[in-house]
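Worksheet: the structure to be examined is printed underneath.
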Amino acid sequence: MVFKKLIMAKSGSKKTGKSNVDSKVVPKAGFQSKFPLSPAVKWMIAGSLAVLAILLYAPSAGYDFVYDDDAVIKDNAYVKQGFEGLDEIWKTSYFKGFNENINARAYRPIPLSTLAIEYEFFGLNPKVHHTTNIILYGLTAFFLFLLMSRMLRSSHWILPLMTTFFFVVHPIHIEVVANIKSRDELLAFLNFVIAAWLLLKSVDSDKWQWLAAAFIFYSIALFSKESALTTLAVLPLMLWFFRDLPFRKIALRSAPFLVAAAFYLIVRSAIVGGINEGVTLTHLDNSLLAAENFSQRVASNLYVLGLYFFKNIFPNPLLSDYSYSTIPLTNWADYRTWLSVFLYAGLIFVALRGLAAKWLPAFAIWHFFATVSIFSSVIVLNVSAYNDRFNYNPSLGVCLLIAWLLYRLIKAEARTTGDFLKKNILLLSIAGLIGLAGVVAIYAQMPMWKDRYALFAHDVRLAPNNARMLKNHGGSLARQAMTEKDPEKRKKYTAEATEYLERALKIYFRMGTGHTHLGNMYALQENWEAAEKAYRNALSIDSKSFEATTNLANVCYRTGRFEEAIQLMERLDKRRFSQNDYYLLYLAYAKKGDTEKANYYKPLAGK
C-alpha cells in the first residue's frame, strides 16, 4: 500500500513541474523538507562519524601482515624499493612485483604507490600500513556523511546519519579495513564518494570547478581498483533520482567521468591487456567452474547472487576466502536457488517501477546492482565466486535501503531537533540496536585478522572443505614446524600440518605450494621418498617454483644423487640464492669431487 501511494505521487509532480523527490522521501505532510543543520553542525557530525570509524578499528593497528599482504608489500620487490619502485609500479600489473609469472589482469598503481611511499619512510612496518587503512576508513565515514546529507537534502538529517552510521558499523567491512591488501578497496570507494559529493556541489552551485575536482578524484578511484568502473552507472542515476535535471544536463555532467574511465581503460589495456586476457581460472578460484552442466552453473550463480545480498543483512560467518568448495553448487531443486530468484525478482520489480517515480529505495537497489555486477560472474567471470570485500561498495545501497525502511517510522509532526529526539524513541532505539550489533560483531570477528595463524585457523574451522584455506593453514603450521626448536612441539606441528595439507590436496590436487609444504613436512621426518614425490608434484604444477626446486635438490643430495642436485640448482636464477642455497651447491660439488667448483661456491656460502 505504501509503495502504491508513493508511485501515484508521480502524477502530481507532473502538474507542478517540480521534482517529486520530496514526495518519495518524506512520509508525512508538515515535516521539515530541508536539511535543518548548519554547515558547522554537519561537519561536526561527519567528524564524529570519522572518529567512530577510527576507534572501531584502532585495535587492528597492531596486527601483523596476513594472507595477500605478502603479494602487495611484504614480498613485493617494487613496493620495497620505495620511491625508486614507483616507476615500475605504474608500468606493470598489480602482482608483477611479487611474482612475474602471475598472469593477473589487475592494474592498481595508486594503492601500491601509497604502500611504497610508506615503505620509503617507515620500512616494512605493518603498524604504519594498518594505521593508514584505519585513517582512510575514517575519511570515508567523514565524506560519506557529507555526500549523503547533500544527496538527501530533502530529508531530515536522521536519514543520511543512519545510512552513514550503518555503513561505518557494518561488519562486512572488517576485511577491507583490517587487511592491508584491501587498500585498493578503501581508496577506490573513498575517492568515488568524494567525486560524487563534488558532482552534487557542482550541480547545486552551477560551478564547474567542482566538476573538475570530481574528475580528479574519480580518476584516483579508477586507478585504485577496476571495480570503480561500475559507479559510472551510479553517478547519473544519483542526478536523476535526487536532482530535477533533464537528460541532457545529466549527460553533460556525467561526461567527464566517461572520459576518465576511457582514459583508465586505455592505459590499463596498454599495460596488462584486456579483461581476463590470458588468465586461466580454475574451480579452485571460482567454484562456479566446477558445475557439471549449464543448468547447474546458472542455478549456482543465482544462489551466489543471493549470497551477496544476504551477507549484507546477516554478515555471519565472515571468512577471508570462499574458494572451492566453500560455496556449494546448487540445482533447480534447491530451495536456496529459488529464494534468490524471488529475492531478485522483487528487487528488480522495485528498481524498475521506482526508476520513473524517482523512489529512493529504487536508487538504493540500483546502487547495489551496479556495484555488485562486476563481481557477480554474470557479465564477466570473476576471479572468485564470492568474497566479503566485494560487498564493500554494494553494502552502501543496502545500508541506505535499511535506513529508509526505518525512516518510515519517523514522527513527522516533530518541528525541532529536541522534539524529534523525544518523539522518535522507537526509531532511534532500533537504529541503536543495529549499530550495537554491528560493533559487537566487529570486535568479535576482527581479531581473526591479527596474524596469518589466527586467520587460517579461524577459516578452516568454519569452512572445513575450503581447499585453499586448508592449504594455507597447513602451510602456516609447516612454517612453525620448520622453525620450532622444541622436538615435541615440532613433532606436533608437523603432524597437524601434514593432516591439513593432505586434506587440502585431496579436495583440490593442483596446488603447487601445498605439495611443497607437504614435502617439507616429510623431509622433517626424513621420509625422503615421500618428500621427493611431493616436490615433483609441485614442479609438475609450477615448473619454475624456486622453493620446490631447491628442496628437491636437497633431497637428491641427501640420497646420494649429487649430480642431479647440482643440475637442479644450476638451472635456477642465482639472484634469488641465499647462503644456504650456495652451501648446498658447495657440498654437492665437494661430494662429486669437483674441487674447483666447490671452492668457488664455498665463500658465497659464507664458509
Side-chain angles (χ1 to χ4, degrees), residues 25 35-57 134-174 176-177 185-186 188-201 217 221 231 234 238 241-242 312-313 315 360-361 363-365 367-368 371 391-410 417 420-421 424 427-439 441-442:
V25 177
F35 198 88
L37 302 179
S38 67
V41 174
K42 281 197 290 185
W43 285 72
M44 183 181 71
I45 293 175
S48 299
L49 289 165
V51 171
L52 171 63
I54 290 171
L55 290 177
L56 270 178
Y57 285 94
I134 295 167
I135 292 172
L136 288 172
Y137 194 60
L139 289 172
T140 298
F142 183 88
F143 284 104
L144 183 58
F145 178 73
L146 294 183
L147 169 62
M148 290 294 104
S149 64
R150 182 169 287 274
M151 186 179 84
L152 304 172
R153 63 183 183 180
S154 298
S155 309
H156 189 277
W157 53 265
I158 196 64
L159 182 56
L161 176 58
M162 284 195 300
T163 302
T164 309
F165 175 65
F166 292 158
F167 184 87
V168 168
V169 301
H170 204 310
I172 205 77
H173 304 159
I174 292 173
V176 173
V177 186
E185 296 280 1
L186 284 165
F189 183 73
L190 170 61
N191 285 281
F192 153 69
V193 166
I194 296 174
W197 174 58
L198 292 171
L199 171 60
L200 289 176
K201 285 178 69 72
F217 282 101
T231 58
V234 175
M238 179 180 68
F241 275 88
F242 302 107
N312 275 291
I313 306 299
L360 187 149
F363 172 78
I365 294 169
H367 178 98
F368 175 79
T371 53
N391 253 324
Y392 187 51
N393 195 331
S395 67
L396 175 59
V398 179
C399 289
L400 178 57
L401 188 61
I402 294 172
W404 179 85
L405 288 171
L406 286 180
Y407 191 60
R408 309 303 299 167
L409 299 174
I410 200 169
T417 299
F420 169 82
L421 295 174
N424 288 279
L427 168 68
L428 298 175
S429 297
I430 296 174
L433 287 174
I434 292 174
L436 179 62
V439 171
I442 288 172

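Smallest separation of non-hydrogen atoms from Thr164 and Phe145: OG1-CA, 3.4 Å. Shown here for Ala188 and Ala221, the closest heavy-atom pair between the two residues is O-CB, 3.3 Å. Residues Met238 and Ala196 come closest through the heavy atom pair CE-O, 3.6 Å. Taking every heavy atom of both residues into account, Lys42 and Leu146 meet most closely at O-CD2, 4.5 Å.
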Do any side-chain atoms of residues 48-57 form donor-acceptor pairs under 3.5 angstrom with protein atoms, and if so which ones, sequence neighbours left out?
{"residue": "Ser48", "atom": "OG", "partner": "Met44", "partner atom": "O", "Å": "2.9"}

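Outside the 6.0 Å centre-distance limit, the rings of Phe217 and Phe143 are not counted as a close aromatic pair. Residues Tyr392 and Phe167 place their aromatic rings such that the two centres sit under 6.0 Å apart.
Put simply, the side chain of His367 never gets that close to the backbone of Val234: no donor and acceptor are under 3.5 Å apart.
Looking at Leu190 and Glu185, their side chains never come closer than 4.5 Å, going by heavy atoms from C-beta outward. Contact of the Leu360 side chain with the Tyr407 side chain is not registered, since no non-hydrogen atoms from C-beta on lie closer than 4.5 Å. A heavy-atom distance below 4.5 Å is found between the side chains of Thr231 and Asn393.
In summary, the side chains of His173 and Asn391 do not present any donor paired with an acceptor at a separation below 3.5 Å, with no hydrogens or angles considered.
The CG atom of Leu421 sits 10.0 Å away from atom CG of Leu427, with the distance rounded to the nearest 0.5 Å. For the atom pair CG (Leu136) and CG (Leu186), the distance works out to 5.5 Å, reported to the nearest 0.5 Å.
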**Message:** Apply side-chain contact (heavy atoms from CB on, under 4.5 Å) to residues His170 and Asn312 and explain how you reach the verdict.
**Reply:** CA-CA 8 Å; His170 204 310; Asn312 275 291; 3.8 Å; yes
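Partners of Ala364 under the side chain to side chain contact (heavy atoms under 4.5 Å, CB included) rule, at least two apart in sequence or in another chain, are Leu400, Leu401.
For the side-chain contact (heavy atoms from CB on, under 4.5 Å) with Pro160, the lone residue among Met151, Arg153, Met148 that qualifies is Met148.
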